Each structure stands twice: as structure tokens, then as C-alpha cells.
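Have a look at the structure below, then the notes.
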Amino acid sequence: MPCRQNPVLERLERLERLEMLGLLIPEIVSQRNRFRKADKSERFKYYLFFGGILAFWVGLFFLFRYVLGLFIEVEVFGTYLVKKLLSVLLLALFSMLCFSNLISALSSYFLSEDLQLIHSLPVTMREIHLARFVLTFVNSSWMMVIFGLPVFLAYGVVYHAGADYYLVMLLFLFPFLAIPTGVGVSLATILVNLFPARRTKELMVVVSAMFLVTLFLMLRIVQPERLVNAESFSDIMVFLGQLKTPSATFMPSHWGTEVLMPLLTHEVGEPWYYLALMTLTAAAAIIISGWTNLLLYSGGWTRTQQSASSKERHRGVFDRVLRGVTSGFPRVVQEMITKDVKMFLRDAAEWPQLLLILALIALYLYSIKVLPLEGPFITMRIHNLVSFMNLAMVGFVVSSVAVRFLFTSVSREGRAFWLLRSAPLDPRTFLLGKYLVGLPVLTVLGLVLVVSSNLLLHVHGPLMVFGACTMVMLSLSMAGLSVGIGAMYPNFKAENVTKIAAGPGGILFMVVAQLFVATVLLFEAVPVYLLVRADYRQRPLHAWEWGVIAASGVLVVAINAAGTIVPMRKGAVALRDLE
Amino acid sequence: MDAMIVMRGASKLYGEFQAVHPLDLTVGRGEVFGFLGPNGAGKTTTIKMLGGIMRPSAGQITVAGIDMMADPVSAKQRIGYIPDRPYLYEKLTAFEFLRFIAGVFDVPKDTFEKRAAVLAERFGIGNWMDALIEGFSHGMKQRLVLVAALIHQPELIIVDEPMVGLDPKGARLVKNMFREQAAGGGTVFLSTHSLEVAEEVCDRIAIIQDGRLRALGTMAELRRQAGAEADLETVFLSLTGDVDHQEAIRGLKEKEGD
């Protein structure tokens, strides 16, 4: 009996007659199959993912509607602020698009595994270029659409814009997205002819991570929470005025502002002129990327195939330092630590995350610094209370870092995990190695956040010591929990570490970690109260108070010890029984 | 025969699917033992159970007299495992990788350096020791895995598809290495699709199909079991019941000849 053709496949096959689109069919069908073949739990994850995006989308829309509403009510400066904000946003988005397109073009034109197959097919270079251009465009732009559309819609709603605004907004999106794709593809093709493709991509990932860090820091320094206070608008305006963003009139982000603002404010402007300018520039970028591709792609592709990166690494000082630091451990643990640290520092997808941690610390401490804790009604008790509650927040930050680095550490062995399974290595020793690599990172992070926060809050004495001790214990247990649960839910096939952290095991760890921190703090609440009360009344602790504090201390130590040992043991058993 | 591998009723169940039925097998010291079978026959599962990578659902496996389930660390200390696909730590250099493996197998540091240098030269990767593995070809990685498997001088080498990705020179080197291992009193347990390799280097051959052992013996014994004085291909197809398949291929070849 002939097999009934799937209607989606039929439609795709009709599309296949257009050869350029035909080259995209494997990608489209793979995505569709991934969804259709997903089991219930995987589908749930898809729904969760799309639900999350929708919630983010709606949240962003309402946030911007609120912020813009505040802005336009400001006399004289209102429109100026709104325009400035739009140009800053468009510039940030355009810059991110440029990075993202360049990285995506390097992958889709030169590094993708399916390129070997694509090049063996009877298709022209032009068709390959067009298919890959569309792929690069889609891969790089979907995030921008998610981030951008609610913002543009919020602008329209706040200004009660007419249909012409929404129509132009849609017309403006395509060239705004296509220009960076054209630039990214051309630049990638040129760069690959000069440098090895893989190294260029790694470098670009680092540069874009640094760019993101800078962007986040700048956004935080604006102190968006001050927007609720009308008196601080003048400060913000001074700050925005200092940003030399739209001064470059040749930037598409500036053109975008000139397209959208007149349609919102009905002030005099040349939106259609700027829209035409953007469209023509996009057309030029696409055509130039085609020419660049025609001239340079073959050479670049050949170079990519030839340049097997055989970068030499000499057995130098760093190696000796690493071995010196770990010399107290058994040899197998020392080797594991050395291996993991070296691999981390050599992976351009991994070590830039350290920059993000540094940015996180800076942002956190800045937020503590600008907390409104000065004034006649703010007592030291409130500072102490904030310091105690701060432990929960630091616990959350530490667990977030743990899920990204320690929880994924077992899975990051990837397909090379067979090496350790076939080696005479006890799973407990293996997990101990992972634990010891991550523990210093968590402890230093936790201590820096707690001690610095307390210094900023002017909290000293017993509470400072108490906070530091709690953080050390929480770091020990967070490391155990994350490595242990990571071993219970390993994913050796994932190519992207972020996917491992965002999987069911990662979510479970985050939930367990927050409950754990809450439990520890619950048991510490009474001793903290007793300590603070005695300090406030400037009297020594009574014997019964010492008793309560000691009992709570023993309980907390026991909880943390259990939080470290139990998951590690369970993780070791799970690894031993792994199929 | 002094036994290196003893499997007693070792079986593997994946959910409800019986990948390997209870298997009894003894492989002696000084033997190169070939493990053959069609795709999906249970070869890799058996090899993984032998190498301690996977626990059997039932039964017992001993390596050099050590129970793999009771003391896997000691048992694995005696094994050099070579998989069919050489997934390695791409961000380490070949030297760093070998040092890591030597550390895990507790090879003394000075011994490791001497052995690594000799083996790397022998397998043609001596000039690549300080290069990152990510730049290696498949064949180079396979050679590095071979060196890693030999760095602790194992009593038993377990190897899944040994010739994949190797050039003729590399393949010859591996065959010689197998014979040397056996001559030195060690054992090689190899799974392969290459009947030529099995015929050339193996002292005894087992054929597995649908998770059950179909035949076991020397080449001469297998020929007798198959009732054919033929090459291993004919014996293999005959014992695995694929004669019809073989005839179909012959038919196609004749058609092509027309």
C-alpha cells in the first residue's frame, strides 16, 4: 500500500522546486521532527519555553509602557527623553545584531557539519549563499524580534499611534535586521580568508560577551528604579545626554529613530526618506555580501578545510603552578583538576563567563550601595535585617553560578566520558575532583558578596563573622548539591552547556538549592536575633542564649554536611549504574 | 588454559529488550580473540560489560581473576580499552591527555614520560605531542587512543572496531601490536566487522547474533561447524543465517556483469 504523504512534507517538496529554499528543507524538517517526535516531558519543556517567552514578551511590553508613560509626562524633556531612549535601544540592538550575525555567519557558512554534504550536492555557490544567508538572518534575528517588538508596540500604544506607525514598524524591521546580516556575512567571508574560522568565531564570542557585560553595567548605572521618582529625571537626562549615541547620522539605528519618531509624535520629519535609505542600504548590503561571497567564499572554505588548528601548547609555568597548588591531593584528583581547569581556560565559550561573574558581582554590590538605607528612620536594626536577608540573595546568586558551572561539570565530559568509565576510577573520586574545582569559585564569590555587602551596609562584629561562616558552609553544600544532582541528571550529548543547565536536572537543582538556603536561614534566624539583641543592648550573651546558638550551629553544620555528602553519594551511585 | 576473561551467564536487558542473553565465555592469556556479529547483534554491549563501562543485568564477569562487579577499579587497572569512535578532550594537547590517563592509571611519572615517548614515536604522533587534540584527524585521534590504552601496559586489551580511520600503515601497526600483546602473555579481545582482520590475527573467534553466541572456535573449527571449506565471510554468513542475503548480493553482481 502506498504510504500516505505527509501534507507538510508535500508543501515542503513543492518549495523544493525553488532550489534555494530546497537547501533549507533539512533545517526546517529537523525542527519540525524535533517537536513532533518529542515525548510528553520534552513537549512540556517546549510549552514551558514558549510560555516563558510569551510571559517575557508581555512583561517587557508593560514595563516599557509604564516607563514611556512616565517619560512623556515630563514637561519639555519628555519627547526628547523618549527619542533618546529609542536611539539608545536601537543602537544596542543593532550592535548586538552585528556580533550575532558575524558569529552565526562563521558557523553557517564555514563551520557547520552539514556543509560537507551541502557542497557535495549539485547546487551552485549562489544557491548555497542564498540558503545560508536566510539561515544566518533567521538564527540571528529571532531574539531581536522577541526583544524589539514589545518595545515598539509599547511606543505605539503610549503615543496612540495610527496604523501608519505599525505598518512602517513592520517595514522598518526587515532592513534593520538584514543590514547586519549582509555586513556579518561579508565580514565573516573576508575574515576567514585572513584568519582560521574557528579562532575568529572564538574571538568574536569573547568580544560579544565583553560587549554585553559593558552594556549591562551601563544600563544598571542608569538606575532604572529612579524612574519612579520624577525628581531624578533631570539626572537621567544629563546621563542620556552624555551618551554620544545618535551623533553618527550614518548609523542605521539613527535612521530607525528618524523613521519611527515622526510617526509617533506627528512632528515634522522625513520618515519615508529614512525608510527608503534603510531599504536601499539593506539591498546594498545583501548584494555586496553576494559579491563578496562570489569572490572570496571558495578560498575561505578551502582554507577552513585545510587549517586544522594544531596550536602548540608548551608545558610552561601555568602547568607547574597548577600542579603546585593541587600537590596536596591524591594524584588522580590532581590530574582531574588540572585537566578541567586547562580545558575551561582554553574554551572560548567558557572562560568569558568569568567576565559575566565579575559583572554580576559589580552589579550586585552596586545595587546594595544604592539601596535607600540612609535617613532618620533607618536604624542599625534595619541594616542588620537587610544583612541577614542578603544571605538568601547571595545564596541565590551562588546557586545560579553553581548551576552553570558545577551542575554541568559532569555533563561537560561529553562524549569523552567513556574514558573515565573505562578507567580504574571510583565515581566518588571523579565527583570529588569536580567538587574541588568548583568549590573555590563558589566560596570566593559568596564571601566577596557577603563581606562587601556587609561593609557597604556598615554591618560589623558578630553579624559579619556569622554571615561569612554561613556563606562558607553554604558554598560547601551548594557545591555538593550541584555536582551530585548534575551526576544524577547527566547529559553527555548536549552541545550547548546552557541547555544542560536549563534542563530538568538544572531546574530541580535550583529549586532544591533555594529550599536548602531557606532551611539553613530558618535555623539561623533565632541565633541571629539573640546575637543582634545582645549587641544592641551592649550586654554579654546569657548562658541559655549560648546554648541555643550552639544547638542551632550544630544543626546547621549537620544540615550542610548532609547537603554536601548525600547528593555526592547519590550522584556517584547514579554514575556507577549509568547505562 | 590460564583464563584472562571469564563470563558466566552475563546478560544485558535494556528495559524489556534482551540485548545479550546469558553468555558463557572464557578467553585465555596469550590469546587474540575475535568477536564477530551482524549489526545490532550485541557486540558493543558485550564489550562494554567486559570493559566495566556497563554493568550486566545478571551474571558474573572476571578479568584476570578479579570480579568486575565487586572490584571494578582493580579490574579496570588491568584493561586497555579502545572504543570505535575516539571522543577525546579536544582542548588538551596529546601529551597532556596521555599524562592525565597515566595519572588515572597511576603510572609513575618518570615511567610515563619514557613510555609516552616510545609509544608516540611508534604510532607516528611523536611530532604532535604538544598540539591540541582538536586539530587531529580521525586517524590521529585513533592512534592517540591506542597509545593511551597501552600507556599502563595492560594485561587485557579490549578493542571495538580497531581499524576504523587508520591508514594501511596504521592498520599493520595495530595488527602487529595485537600479536605482540598475545606473545607477551597478554590478551586481546576485539570486536570487528572486518572479517579479514579477524581471519588474519585472531586465534579464536566467537560469532554472536541476536544477543546469543552462535559459534565459537578456531577458524578450522568454525569451518567444520558451518560445514564449508570456505573463507570466513562464507562461514560468517552461513552461521548467521544470511545465506539468502549473500545469494541476493551475488545475483545483483551477476546482473551488473550483464
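Below, chains carry the letters A, B, ... as their sequence lines are ordered, and counting in each starts from 1. Since this is a predicted model, take the numbers as computed values, not measurements. Worth knowing before you read on, the calculation uses all heavy atoms, side chains too, and leaves out hydrogens, waters and symmetry mates.
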Who among B:Pro83, B:Ser74, B:Gly52 has the most heavy-atom pairs with chain A under 4.5 Å? B:Pro83
Residue, of A:Gln334, A:Lys342, A:Met343, A:Glu335, that accumulates the most heavy atom pairs under 4.5 Å with chain B: A:Glu335
Atom group of B:Leu88 that falls short of 4.5 Å from chain A, counting heavy atoms: both
Relative to chain A, which segment of B:Lys48 carries a heavy atom at a distance below 4.5 Å: side chain, backbone, both, or neither? neither
4.5 Å side-chain heavy-atom contact, B:Phe97 and A:Lys339: no
How many angstroms lie between CE in B:Met54 and CG in A:Leu578, if you round to the nearest 0.5 Å? 8.5 Å
Quick check for you: among B:Arg78, B:His152, B:Lys12, B:Arg85, which has the greatest number of heavy-atom pairs under 4.5 Å with chain A? B:Lys12
Is the number of heavy atoms from other residues, nucleotides or ligands under 6.0 Å of A:Tyr489 OH greater than 12? no
Looking only at heavy atoms, which two atoms of B:Phe105 and A:Ser422 are closest? And how far apart? CZ-O, 4.4 Å
I'd like to know whether CZ of A:Arg428 has more than 12 heavy-atom contacts from other residues, nucleotides or ligands below 6.0 angstrom. no
Sort B:Ile101 into side chain, backbone, both or neither according to what part of it lies under 4.5 angstrom from a heavy atom of chain A. side chain
Residues A:Arg346, B:Glu134; criterion salt bridge (Lys or Arg N to Asp or Glu O under 4.0 Å); working and verdict: CA-CA 11 Å; A:Arg346 285 174 189 172; B:Glu134 66 182 18; over 6 Å; no
B:Ala102 portion near chain A, given a 4.5 angstrom heavy-atom threshold: both
Can you tell me which of B:Tyr14, B:Tyr89, B:Tyr81 forms the most heavy-atom pairs within a distance under 4.5 Å of chain A? B:Tyr89
Is there side-chain contact between A:Asp319 and B:Arg99, with at least one heavy-atom pair below 4.5 Å? yes
May I ask you to name which of B:Ile79, B:Val107, B:Thr45 has the most heavy-atom pairs under 4.5 Å with chain A? B:Val107
Starting at CG of A:Leu419, measure out to CZ of B:Phe100 and round the result to the nearest 0.5 Å. 7.5 Å
Gap between atom CG of B:Leu92 and atom CG of A:Asp340 - 0.5 Å precision: 9.0 Å
Considering all heavy atoms of both residues, which atom of B:Val73 and which atom of A:Asp426 are nearest to each other, and what is their separation? CG2-N, 3.9 Å
Neighbour count above 12 (heavy atom, 6.0 Å) for B:Arg122 CZ: yes
Main chain of A:Arg421, side chain of B:Lys76: is a donor-acceptor contact present, judged purely on distance under 3.5 Å? yes
Surrounding CZ of B:Arg212 (heavy atoms of other residues, nucleotides or ligands, distance under 6.0 Å), is the total greater than 12? no
